[in-house]
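This report refers to the structure that appears directly beneath it.
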Amino acid sequence: MKKRIAIPLEGGVLCSHFGHCEQFAAEQGITDVIAGGIGQRAIGLFNRHSINVFVGAPVKSPDELAADLLNNRLQTGANYCDH
């Protein structure tokens with residue numbers, strides 16, 4: 001299965017808050033979302049559409065994050081979004 005990864009960006013790197021990003025590095029038909037912080041409502045919406053959400057990712061370029069995910073090296077941590 002081909003992966004299409006959505007990454008919220010600010011200044012060309014991962015935006016630490018999904019809802020405040022400037023743009024997304026993604027195409028339609030996404031299978032995965034890599035986020036720093038993201039609200040539970042958004043996570044639930046993605047999950048209902050069978051989209052995996054990875055939360056607490058480090059601030060890196062989209063290429064680095066995608067490579068980390070594809071090579072099972074993506075480090076995730078706490079979700080800093082509390083609403």
Side-chain angles (χ1 to χ4, degrees):
M1 178 176 168
K2 185 175 182 178
K3 289 194 173 281
R4 291 187 181 253
I5 304 166
I7 303 172
L9 300 177
E10 182 175 48
V13 296
L14 178 75
C15 180
S16 60
H17 192 283
F18 181 84
H20 296 181
C21 71
E22 295 172 342
Q23 65 183 45
F24 288 93
E27 297 287 332
Q28 292 181 353
I30 64 168
T31 58
D32 302 272
V33 172
I34 299 174
I38 185 172
Q40 291 301 314
R41 185 173 173 200
I43 292 171
L45 177 67
F46 286 127
N47 289 163
R48 281 193 297 279
H49 292 286
S50 300
I51 297 170
N52 302 309
V53 180
F54 299 90
V55 179
V59 176
K60 293 183 175 182
S61 74
D63 289 340
E64 290 175 294
L65 291 166
D68 287 349
L69 178 62
L70 295 173
N71 292 304
N72 296 316
R73 294 187 315 241
L74 182 64
Q75 299 289 318
T76 59
N79 183 359
Y80 297 105
C81 185
D82 60 2
H83 58 279

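Quick note: residue numbers are just sequence positions, from 1.
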Residue pairs fulfilling salt bridge (charged side-chain N to carboxylate O under 4.0 Å, His left out) with at least one residue in residues 31-40, sequence neighbours excluded | K3-D32

What pairs of residues pass the salt bridge (charged side-chain N to carboxylate O under 4.0 Å, His left out) test when at least one of them lies in residues 42-52, not counting sequence neighbours?
-> none

Flag yes if F54 and V13 sit in one hydrophobic cluster, no otherwise; membership is Ile, Leu, Val, Met, Phe, Trp, Tyr, and two members link when side-chain heavy atoms are under 4.5 Å apart.
-> no

Under the side chain to side chain contact (heavy atoms under 4.5 Å, CB included) test, which residues partner [X], sequence neighbours left out?
| X | answer |
| --- | --- |
| V55 | I38, I43, V53, N79 |
| E10 | C15, E22 |
| A57 | L14, I34, L65, L74 |
| R73 | A67, D68, N71 |

Out of curiosity, I5 CD1 to I51 CD1, how far, rounded to the nearest 0.5 Å?
-> 12.5 Å

Among all residues two or more places apart in sequence or in another chain, which pass the ring-ring contact (aromatic ring centres under 6.0 Å, His included) test with F46?
-> F18

Heavy-atom donor-acceptor pair, T31 side chain to R4 backbone, under 3.5 Å | yes

side-chain hydrogen bond (donor to acceptor under 3.5 Å, both in side chains) involving S61 - partner list, sequence neighbours excluded | E64

